[in-house]
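Here the structure comes first, spelled out in structure tokens, and everything after it is commentary.
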Amino acid sequence: MDIAIDTSKSRYQVDKNGYYGRFGGAYVPEMLFPNVDELQRKYMEVLSDPTFQQEFEALLRDYVGRPSPLYFAKRLSEKYKAKIFLKREDLNHTGAHKVNNTIGQILLAKRLGKKRIIAETGAGQHGVATATVCALMGMECVVYMGSIDIERQAPNVSRMKMLGATVVAATSGSQTLKDATNEAIRDWINNPVDTHYILGTAAGPHPYPDMVARLQSVISEEIRKQLLEKTGSELPDYVVACIGGGSNAAGAFFHYLDEEEVKLVAVEAGGKGVHSGHSAATTQLGKIGIIHAAKTLLMQTEDGQITEPYSISAGLDYPGIGPMHAHLYETGRAMFLDATDDEALAAAYELCKLEGIIPAMESAHALAKLKDLPFNPDDVVVVCLSGRGDKDLNTYIRHMNK
Amino acid sequence: MQNRIDQLFAAKQTGVLNIYCTAGYPELNDTLPVMTALQQYGADLIELGIPFSDPLADGPVIQDSGTQALKNGMSLHKLFEQLEGFRERIHVPVILMGYFNPVLVYGVEAFVKKCAEVGVDGVILPDLPKAEYEAEYKPVFEKYNVCLVFLVTPETSDERIRQLDSLSRGFLYAVSSSSTTGKDKDMSHQQAYFERLQQLKLKNPVLIGFGIKDKATFDTACRYTNGAIIGTAFIKALGEGKDIDSTVRTFIGAIKN
């Protein structure tokens, strides 16, 4: 397993101070310093430990069901005139890529002697993945979720409760992912000794962006092996992933960051249109700022107040992006596009019709940009299908009947 | 060159009362009337909160006051407008407390310069890390003679307390327990921490904050340090009180007498 790979020579990986270019860092109040400092000092030591890697690999294989297939989508390929592969993270246990990270972090938390787990969730995928590993390890689990998301992702709320987690509604601000993250951080401030915060995306203070990216890098590690078998080359022409905070994109890009001939495409939630006032397209609408203790690109007012984002998908409804992605945007290493709600819905229905797969609303954003990329017929394209769409059925049904 | 915070502690070693209020709360133009009343009824120091949309270290009461202030139209620009000329009426030291993002967006040097121009003596930025301050911003604060006050908590190691004390100017803000503001944690458990702070013989005066809400908790804090900071309890009183003058008079009266 390559999660402890030496990335110190890379232009796109975190530096020793926790920065990606000018983005990153750990802008935490002193109340959180000991927790974050402990993680910074210990995470690489734990990730490098062979016993950790064995345990992590075994659980990914036997519990999550990895490797997830790399599926050649024949009819989708015909339609878009390129060789399109779907990395089937939707087939993981719990239905999304999120579980890769929560398995890793729960093993880390145990090694750090923590007794209690907290997490934030938007779509509920990370909440379910966290509740799942807490049940598996017999740990107490509290998941913070925006009250609007609790309404629109009801099946995942029930799943978390059934798995034994306490779901706490975040009622401040836009009552979505940003506010759930605020509440989780506040909980951590109030419980500094025995609690580990399993952050679900490649954002937050250093070392989270790097730690989450490493735990998710199993995605690109597998893609390389699987592509070699299927096409004779480890390197595709494109890797396409949706991005809210950016954990599935970080995982899909990780082992390709320094392969400059591989084009990396990150698709943000355009919402009702980038300039409609109802969007989460951070690279277009944001500027440098600090959210959840990281310096990154952030949607905010001229006065530095964080703007309330909007997306039909609760998992992309976030006013920032992880610092790795901000750096990929600024250096031009990755291309950032946006897909509107309508484009994502259309892409979801299309995948159902052509391939018999109902994608998560988040993943549908990545699929929505296949129509806009300038493919050659021989181009090999990998789309990270980050999760399955069961949780979004209510939204899909509502729009199907329109 | 001494600023007003240094002058205060030179003149008064114990029982320093610092009261926190949110700028633009309860009403947009209440900032100056609240500060005026605080001075009149005996606050030694005023900590003025810059409202922020996502205040990580605040409990619900202070967070709600910030949300209300933002709704009222408060902004950093507006606040500096309100503070223009305030030194003609208010002589106690004033500290701005806020999260780093609005300051970063305003421009750190522009912000510190403006603080010095209007007569703000110090700044608390809980999420500005020590390393970033040392590497990038310390010379700016020194150039304009504006104090930056650091926080320490019961979980902060002795070594780090010393480091933060050596960087801090004005005073050191000792968070009473590891929590967000306004948590009702029992201060009696913090005795060992307060004694540890005493024994470290720090260069700065120390004020205890978080969990100070009445005469009893204020007096406890003052037994160990130079004084204390009251935030949540005062914001609550302001939100519930009839008029600013009588609210502040009653609130401070109950603590000092």
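Every chain is numbered from 1 and lettered A, B, ... according to where its sequence line falls, protein lines coming before strand lines.
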Report yes or no: do [X] and [Y] form a side-chain donor-acceptor pair below 3.5 Å?
| X | Y | value |
| --- | --- | --- |
| B:Asn72 | B:Gln68 | yes |
| B:Tyr224 | B:Gln190 | no |
| B:Gln82 | B:Thr31 | yes |
| A:Asn35 | A:Tyr197 | no |
| B:Glu195 | B:Gln199 | no |
| A:Gln175 | A:Ser147 | yes |
| A:Asp187 | A:Tyr144 | yes |
| A:Arg186 | B:Gln63 | yes |
| A:His206 | A:Asn17 | no |
| B:Thr67 | B:Asp64 | no |

* Contact leader toward chain A among B:Leu151, B:Leu56, B:Leu76, where contacts are heavy-atom pairs under 4.5 Å -> B:Leu56

* Pick whichever of B:Thr153, B:Thr156, B:Thr180 has the most heavy-atom pairs under 4.5 Å with chain A. => B:Thr180

Under 4.5 Å from any heavy atom of chain A, what part of [X] do you find: side chain, backbone, both or neither?
| X | answer |
| --- | --- |
| B:Val152 | backbone |
| B:Pro51 | backbone |
| B:Phe52 | both |
| B:Leu125 | neither |
| B:Leu104 | side chain |

* Asked: Under 4.0 Å between a Lys/Arg side-chain N and an Asp/Glu carboxylate O for A:Lys178 and A:Glu183?
  -> no

* Asked: Is B:Arg162 salt-bridged to B:Asp165, going by a charged N under 4.0 Å from an acidic O?
  ->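 So B:Arg162 does not pair with B:Asp165 through a salt bridge.
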
Can you tell me which portion of [X] sits under 4.5 Å from chain B's heavy atoms? Options are side chain, backbone, both or neither.
| X | answer |
| --- | --- |
| A:Glu302 | backbone |
| A:Ser172 | side chain |
| A:Phe33 | side chain |
| A:Ile185 | side chain |
| A:Leu298 | side chain |

* Asked: So which bits of residues 107-119 of chain B come within less than 4.5 Å of chain A, counting non-hydrogen atoms only?
  -> none

How are the rings of [X] and [Y] set to each other: parallel, tilted or perpendicular (split at 30° and 60°)?
| X | Y | result |
| --- | --- | --- |
| A:Tyr329 | A:Phe336 | perpendicular |
| A:Tyr208 | A:Trp188 | perpendicular |
| A:Tyr19 | A:Tyr27 | perpendicular |

* Check the pair A:Glu45, A:Lys42 against salt bridge (Lys or Arg N to Asp or Glu O under 4.0 Å), reporting the backbone distance first and the verdict last. => CA-CA 5 Å; A:Glu45 186 189 318; A:Lys42 293 188 179 161; over 6 Å; no

* Asked: Among A:Val193, A:Asp303, A:Thr307, which has the most heavy-atom pairs under 4.5 Å with chain B?
  -> A:Asp303

* **Contact residues of residues 313-323 of chain A (partner chain B; heavy-atom separation under 4.5 angstrom)** => none

